[in-house]
Amino acid sequence: MAENLKGCSVVCKVSLNQLQILCRQERVFCQQLEVSKKNLNDFEVEYLCDYKKIHGKEFYLVKWKGYSESENTWEPRRNLRCVKLLKLFWADMDQELRRRKKRRNVTKLDISLASYLVQKAKQRQLLQCWEEQLNTMRVHKGRIFVQNDVDLDGPPKDFTYINNYKVGDGIVLTEVAVGCECTDCLGNPVNGCCAGASLHRFAYNDRGQLRLRAGQPIYECNSRCFCGPDCPNRVVQRGIQYDLCIFKTANGRGWGVRTMEHIRKNSFVMEYVGEIITTEEAEKRGRIYDRQGATYLFDLDYVEDVYTVDAAHYGNISHFVNHSCNPNLQVYNVFINNLDERLPRIAFFSTRHIKAGEELTFDYKMQRSLFQEL
């Protein structure tokens, strides 16, 4: 028996851009997709593959979006309106010609150079998709950018972006039972607010900058507190506030992170997020990571070395922060909705003013340089 399906709808699994391409391939007009007789023959350039100059006229080999590489065509410069792609194509070519110590004034590309430009274009697509994926996954204010001007490496494999701890088997995060009753946690903290209840100092000034020395714990207001989300004692829990860029380093240190904005001294920058595991499990994984020549294990040893954070496969942008013996980030133990001192949250704060474009680093050995009190 046929059912009445009036009013039902099915989600389309094809993007609007793909539907436009299908319409043009099938020579179909569609008002909703803005495909008309006037623009039916307008096709989108995906990337440029090759270049040659004949009798003073420039031609480009074009990979068309939605079409296979076997359908690439040579087009005169006047047919192309993809200004951004043209600039990227020539920037990639100039960089590679300089690396090869060859002149820029070429009339025809050799096979190896054309192949490199195609690989670079495909890499840029992969990195752009990864950047979009990262920004879809993040729940914090700060945006994430991705850049690789060094080699042809694409996104790292087997890495999942997460915003909070991924709790391993047999580990329980115990939520706090009480919160503060302050109406003004900074100006009039009742019994010292959450920090005072744990016999510690209030962590921040009125600008949200840290005023504790390295090694002292941070106790922020939690989900049971009377104060709201704008409370000055809620800083780490608001997440990353700065736009940051994951970039490929030029000196062989792999990926790194730099800030796109100026960061004031003693400001919260990011948390170290990953999978919480036991120290026994960490020792097993550590032996494997040592053979691979890299490790992302961070011991939670504030009071007792029982648990470890493993950011090798699950983590946030801190996964890509490099080591430095002269770092601009300092590690602090933070407690918010969990007061188990064996399971602090790990927060990075700036040790000095950091300029836009500067790489962010911390000391993997966690040497405790003192902060100047504000």
When the ring centroid of F320 is compared with that of F159, is the distance short of 6.0 Å? yes
Would T351 and N328 count as having a side-chain donor-acceptor pair, cut-off 3.5 Å? no
For T361, does its backbone N or O pair with a side-chain atom of H323 as donor and acceptor, under 3.5 Å? no
Please identify each residue that fulfils side chain to side chain donor-acceptor pair (under 3.5 Å) with R342, with sequence neighbours left out. D340
Under 3.5 Å donor-acceptor pairs involving side-chain atoms of residues 171-197, not counting sequence neighbours:
from	atom 1	to	atom 2	distance (Å)
D184	OD1	L186	N	3.4
D184	OD1	G187	N	2.9

Residues two or more places apart in sequence or in another chain: which of them pass side chain to side chain donor-acceptor pair (under 3.5 Å) with E46? K63, Q125
Spell out, yes or no, whether W255 and Y314 are grouped together once hydrophobic residues are joined by side-chain heavy atoms under 4.5 Å, including indirect joins. no
Which value, rounded to the nearest 0.5 Å, describes the distance between Y51 atom OH and L61 atom CG? 13.5 Å
Identify whether the distance between the nearest side-chain nitrogen and carboxylate oxygen of E44 and K65 falls below 4.0 Å. yes
Would you say the side-chain atoms of Q123 and K120 include a donor-acceptor pair closer than 3.5 Å? yes
Testing the 3.5 Å rule here: is there a donor-acceptor pair between the side chains of N251 and R253? yes
Pairing donors with acceptors under 3.5 angstrom, does anything connect the side chains of Q216 and R213? no
Using only heavy-atom distances, determine whether the side chains of S318 and N316 contain a donor-acceptor pair under 3.5 Å. yes
If the condition is ring-ring contact (aromatic ring centres under 6.0 Å, His included), which residues does F226 pass it with, not counting sequence neighbours? none
Output, in order, the C-alpha distance, side-chain angles, deciding distance and verdict of side chain to side chain contact (heavy atoms under 4.5 Å, CB included) for C227 and R234. CA-CA 10 Å; C227 57; R234 299 179 186 269; 3.4 Å; yes
Treat each ILVMFWY residue as a node, draw an edge where side-chain heavy atoms are under 4.5 Å apart, and state whether L244 and W130 are in one component. yes
Could you pull out all residues at least two apart from R258 that satisfy side-chain contact (heavy atoms from CB on, under 4.5 Å)? Q147, C245, F247
Let me check something: any side-chain donor-acceptor pairs from residues 85-94 under 3.5 Å, sequence neighbours excluded? List them with distances.
from	atom 1	to	atom 2	distance (Å)
W90	NE1	Y60	OH	2.8
D92	OD1	R124	NH2	3.0
D92	OD2	R124	NH1	3.1
D92	OD2	R124	NH2	3.2
D94	OD1	R104	NE	2.8
D94	OD2	R104	NE	3.2

List for me each residue that meets side-chain contact (heavy atoms from CB on, under 4.5 Å) alongside K102, sequence neighbours excluded, and say none if there are none. L97, R100, D110
Roughly how far, to the nearest 0.5 Å, is CG of D301 from OG1 of T279? 10.5 Å
Not counting sequence neighbours, list each pair that qualifies as a salt bridge (charged side-chain N to carboxylate O under 4.0 Å, His left out) and has a residue in residues 128-149. R143-D243
Start with the C-alpha distance between Y307 and Y165, add both sets of side-chain angles, then the distance that settles ring-ring contact (aromatic ring centres under 6.0 Å, His included), and finish with yes or no. CA-CA 12 Å; Y307 301 112; Y165 279 158; over 10 Å; no
What residues form a side-chain contact (heavy atoms from CB on, under 4.5 Å) with K284, not counting sequence neighbours? E281, R287
Cluster question for you: counting only ILVMFWY and a side-chain heavy-atom cut-off of under 4.5 Å, with indirect links fine, are M137 and M270 together? yes
ring-ring contact (aromatic ring centres under 6.0 Å, His included) against Y242, all qualifying residues, sequence neighbours excluded: none
For D153, check side-chain contact (heavy atoms from CB on, under 4.5 Å) against everything at least two apart and list the hits. N148, D151, K248
In plain terms, say whether R345 and E220 are close enough for a salt bridge, that is, a side-chain N and a carboxylate O under 4.0 Å apart. no
F348: what forms a ring-ring contact (aromatic ring centres under 6.0 Å, His included) with it, not counting sequence neighbours? F362
Output, in order, the C-alpha distance, side-chain angles, deciding distance and verdict of side chain to side chain contact (heavy atoms under 4.5 Å, CB included) for E71 and W64. CA-CA 8 Å; E71 297 178 274; W64 298 104; 5.7 Å; no
Heavy-atom nearest pair, A311 first then V273, reads CB-O, 3.5 Å
With side chain to side chain contact (heavy atoms under 4.5 Å, CB included) as the test, would you mind laying out the steps for K53 and K108 before giving the verdict? CA-CA 7 Å; K53 184 182 286 188; K108 184 178 180 181; over 6 Å; no
Parallel, tilted or perpendicular: which one describes the rings of H319 and Y296, with boundaries at 30° and 60°? parallel
